[in-house]
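Nothing fancy with the numbering, it's 1 onward along the sequence.
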Amino acid sequence: MAEIIKIGAFGIVGVLLALQFKSQKSEYSLYIGLALSILIFGFVVGQIEAVMGQLGTLRQYLGESQNYLGILLKVIGITYICEFSAGICKDAGFSSVSDQIEILGKLSVMFAGLPILFAVVEQIRGML
């Protein structure tokens, strides 16, 4: 919890610093925002490594259904990458590119989740 508060404070201080440069040197503001995003993303990657360790324990409990955990991780990865990329594009003033990245992310999540939908449908058909 303390790390999240530190990252939140770091983000707020960085944004306030970027706002100071925005009126005079707008390119510096963009660089500060990009650097903040990369640093916070690096923190997120560190947190993901900790979560992956816990997911290893969960994988042992799943047995044959380990494929579903892989799909879940894939969907989470797609979501984070698309959100991060879209945010950078939006901050740079390219909202149309940002919107396209978000649409791509949504479609990719939908396609990645199709095997789970098919498995649910098969379970329902097996019950009939």
Over all atoms of both residues, closest heavy-atom pair of [X] and [Y]:
X    : Y    : value
I71  : G113 : CG2-CA, 4.3 Å
G14  : I32  : O-CG2, 3.6 Å
I88  : L34  : CD1-CD1, 3.8 Å
I78  : A112 : CD1-CB, 4.4 Å
A86  : S98  : O-OG, 3.0 Å
G105 : C82  : CA-SG, 3.4 Å

Are [X] and [Y] grouped together when hydrophobic residues (ILVMFWY) are joined by side-chain heavy atoms under 4.5 angstrom apart?
X    : Y    : value
L104 : V109 : no
V120 : L114 : no
V13  : L30  : no

- Task: Could you pull out all residues at least two apart from I103 that satisfy side chain to side chain contact (heavy atoms under 4.5 Å, CB included)?
- Result: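 With sequence neighbours excluded, I103 shows a side chain to side chain contact (heavy atoms under 4.5 Å, CB included) to Q100, L107, given in chain and number order.
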
- Using ring pair (Phe, Tyr, Trp, His ring centres under 6.0 Å) as the criterion, list what pairs up with F84, not counting sequence neighbours. F41

- Item | Pairing residues for F21 by the ring pair (Phe, Tyr, Trp, His ring centres under 6.0 Å) criterion, not counting sequence neighbours |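 Partners of F21 under the ring pair (Phe, Tyr, Trp, His ring centres under 6.0 Å) test: Y28.
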
- So does E83 have more than 12 non-hydrogen atoms from other groups sitting under 6.0 Å from CD? no

- Message: Quick check on F94: does its CZ atom have over 12 non-hydrogen neighbours (other residues, nucleotides or ligands) under 6.0 Å away?
- Response: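 No, CZ of F94 has 12 or fewer neighbouring heavy atoms, counting only those of other groups under 6.0 Å.
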
- Task: Evaluate side-chain contact (heavy atoms from CB on, under 4.5 Å) for Y31 paired with E27, printing each intermediate quantity in order.
- Result: CA-CA 6 Å; Y31 296 145; E27 64 272 5; 4.2 Å; yes

- Item | Where at least one partner belongs to residues 106-128, residue pairs that pass ring-ring contact (aromatic ring centres under 6.0 Å, His included), sequence neighbours excluded |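 Every pair satisfying ring-ring contact (aromatic ring centres under 6.0 Å, His included) with a residue in residues 106-128: there are none.
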
- Message: For residues 98-119, which residue pairs pass the salt bridge (Lys or Arg N to Asp or Glu O under 4.0 Å) check, not counting sequence neighbours?
- Response: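 Found K90-E102.
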
Would you give the length of the straight line joining atom [atom1] of [X] to atom [atom2] of [Y], rounded to the nearest 0.5 angstrom?
X    : Y   : atom1 : atom2 : result
I76  : I81 : CD1   : CD1   : 12.0 Å
I101 : S95 : CD1   : OG    : 11.5 Å
I7   : I40 : CD1   : CD1   : 6.0 Å

- Item | Where at least one partner belongs to residues 115-128, residue pairs that pass side-chain hydrogen bond (donor to acceptor under 3.5 Å, both in side chains), sequence neighbours excluded | none

- Report yes if the side chains of F43 and Q47 come closer than 4.5 Å at any heavy-atom pair, otherwise no.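 Counting from C-beta outward, F43 and Q47 do come under 4.5 Å.
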
